[in-house]
Amino acid sequence: MARTGQYRGELLEVRRADRRRRLMEAGLAVFADGGYAVSSIPTVCRRAGLSSRQFYDEFANREALLTSIYEDLQRGGLAAVIGAVGELETLEVSEWMRVGVRAYFDYFREDPRRVRLCFVEVVGVSPEFEELRRQTREQWSLTLEAITRSASDRGLITHRDRTFDWTIFLGAVNTAAVEYATRPDITLDAVTASLFRLMSTGIME
């Protein structure tokens with residue numbers, strides 16, 4: 001009997017995870033394709049094939065869904081960069097940067113809706129969301145600073161705190177991500193080269 005109850009509990013968790021996944025996929029489509037500002041919970045529910053009651057079982061409101069999608073996409077981008085750089089055996093910092101940039105843009109170019117949501121639709125949603133965006137930029141800056149600090153500890157580049165440099169650099173990355181995802185004439189090689197020049201002259205010195 002206890003095993004049956006445990007099984008039912010596990011099954012409920014699987015179903016709940018599936019509902020949450022469907023709502024997040026629907027939210028990405030609705031928010032990115034039609035615009036977050038004019039979206040509605042009923043529209044998301046129709047897209048997901050779920051009821052409003054099921055929506056509120058998972059998310060407090062529309063912004064809570066947007067937050068979950070945004071955080072999930074940011075984690076995906078970060079994982080892509082860390083995974084790509086982690087596979088390198090070279091000590092060349094320039095190669096770390098090139099590979100990291102390409103991995104980041106490959107991740108977002110894979111689904112242009114990711115770019116639309118992360119860099120366009122989330123701007124100005126609320127003071128709370130602006131704070132989340134600031135915290136996300138800070139997390140990226142600290143991660144990139146940790147990579148360059150590791151290089152400086154090995155004597156590969158000069159030793160100094162580059163955290164704020166990375167924060168400024170991320171502004172350029174965000175702009176480049178939007179351009180790259182929406183303009184077919186801009187190649188990944190061109191994006192990588194431009195951002196690498198910025199890094200070489202302003203951060204990696």
Side-chain angles (χ1 to χ4, degrees), residues 28 32 36 63-64 66-88 90-182 186 188-205:
L28 174 61
Y36 174 78
E63 187 173 327
L66 179 67
T67 298
S68 292
I69 298 170
Y70 176 78
E71 291 178 330
D72 185 64
L73 294 178
Q74 290 293 335
R75 283 193 296 269
L78 185 60
V81 171
I82 292 175
V85 173
E87 292 178 357
L88 294 176
T90 180
L91 292 178
E92 289 292 330
V93 180
S94 60
E95 188 62 15
W96 296 358
M97 296 299 114
R98 285 195 184 92
V99 168
V101 167
R102 292 185 70 91
Y104 181 85
F105 280 89
D106 278 343
Y107 173 79
F108 281 100
R109 185 65 178 265
E110 185 178 281
D111 186 346
R113 297 177 305 174
R114 296 171 178 173
V115 177
R116 180 76 189 180
L117 187 137
C118 286
F119 305 118
V120 179
E121 296 302 325
V122 298
V123 177
V125 167
S126 69
E128 292 77 16
F129 211 103
E130 286 303 300
E131 174 60 19
L132 173 61
R133 294 179 65 224
R134 186 199 65 77
Q135 292 175 2
T136 301
R137 291 192 298 270
E138 180 179 61
Q139 182 58 55
W140 272 102
S141 297
L142 291 173
T143 299
L144 293 168
E145 168 60 13
I147 293 173
T148 47
R149 186 169 59 249
S150 173
S152 67
D153 289 344
R154 300 182 189 185
L156 302 175
I157 57 177
T158 58
H159 183 76
R160 65 182 178 83
D161 187 345
R162 294 173 169 82
T163 307
F164 189 60
D165 290 350
W166 284 122
T167 299
I168 296 173
F169 177 75
L170 288 171
V173 170
N174 292 351
T175 300
V178 174
E179 294 297 309
Y180 176 59
T182 56
I186 298 179
L188 182 55
D189 285 341
V191 171
T192 303
S194 293
L195 291 175
F196 185 71
R197 282 194 293 272
L198 289 178
M199 286 188 288
S200 298
T201 58
I203 298 177
M204 308 307 294
E205 59 189 7

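Keep in mind that this is a model prediction, so the values were computed, not measured.
The main-chain N or O of Glu145 is found under 3.5 Å from a side-chain atom of Thr148 such that the two form a donor-acceptor pair. Panel note: side chain Glu121, backbone Arg116; no donor-acceptor pair is recorded below 3.5 Å.
With sequence neighbours left out, Asn174 forms a side-chain hydrogen bond (donor to acceptor under 3.5 Å, both in side chains) with no residue at all. By the side-chain hydrogen bond (donor to acceptor under 3.5 Å, both in side chains) test, Glu130 is found to be paired with Arg133, residues two or more places apart in sequence or in another chain being considered. For Asp189, the side-chain hydrogen bond (donor to acceptor under 3.5 Å, both in side chains) partners are Arg102, not counting sequence neighbours. Under the rule for a side-chain hydrogen bond (donor to acceptor under 3.5 Å, both in side chains), the partners of Thr167 that lie at least two apart in sequence or sit in another chain are Ser141. Legend: residues meeting ring-ring contact (aromatic ring centres under 6.0 Å, His included) with Tyr70, ordered by chain and number and at least two apart, are Phe129. Residues meeting the ring-ring contact (aromatic ring centres under 6.0 Å, His included) test with Tyr107, sequence neighbours left out: none.
A heavy-atom distance below 4.5 Å is found between the side chains of Glu128 and Glu63. The shortest distance between side-chain heavy atoms of Val120 and Tyr36 does not fall below 4.5 Å. The side-chain heavy atoms of Glu71 and Leu132, taken from C-beta on, include a pair separated by under 4.5 Å. Contact check for Ser152 versus Arg160: no side-chain heavy atoms found under the 4.5 Å cut-off. Between Leu73 and Leu28 there is a side-chain heavy-atom pair separated by less than 4.5 Å. Counting heavy atoms from C-beta outward, Phe119 and Thr175 have side chains that stay 4.5 Å or more apart.
Atom-to-atom distance recorded for Arg109:CZ and Ile186:CD1 is 9.0 Å, nearest 0.5 angstrom. Summarising the geometry, atom CG belonging to Asp72 is positioned 8.5 Å from atom OG belonging to Ser68; distances are rounded to the nearest 0.5 Å. The distance from the CZ atom of Arg137 to the CD atom of Gln74 is 10.0 Å, given to the nearest 0.5 Å.
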Worked check of side-chain contact (heavy atoms from CB on, under 4.5 Å) between Leu117 and Leu66: CA-CA 9 Å; Leu117 187 137; Leu66 179 67; 3.8 Å; yes

Stepwise side-chain contact (heavy atoms from CB on, under 4.5 Å) check, Trp140 with Phe169: CA-CA 11 Å; Trp140 272 102; Phe169 177 75; over 6 Å; no

Residue pair Tyr104, Leu78: steps toward the side-chain contact (heavy atoms from CB on, under 4.5 Å) verdict: CA-CA 7 Å; Tyr104 181 85; Leu78 185 60; over 6 Å; no

Trace of the side-chain contact (heavy atoms from CB on, under 4.5 Å) decision for Glu110 with Asp106: CA-CA 6 Å; Glu110 185 178 281; Asp106 278 343; over 6 Å; no

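Scanning both residues, Val81 and Gly100, for their nearest heavy atoms gives CG2-O, 3.6 Å. Between Leu195 and Val101 the shortest heavy-atom distance is CD1-CG1, 4.0 Å. When all heavy atoms are compared, the tightest approach of Ala80 to Ala103 is O-CB, 3.6 Å.
Across Asp161, Leu144, Thr143, Val173, a single residue satisfies side chain to side chain contact (heavy atoms under 4.5 Å, CB included) together with Trp166, and that is Leu144.
There is a side-chain donor-acceptor pair under 3.5 Å between Glu131 and Gln135.
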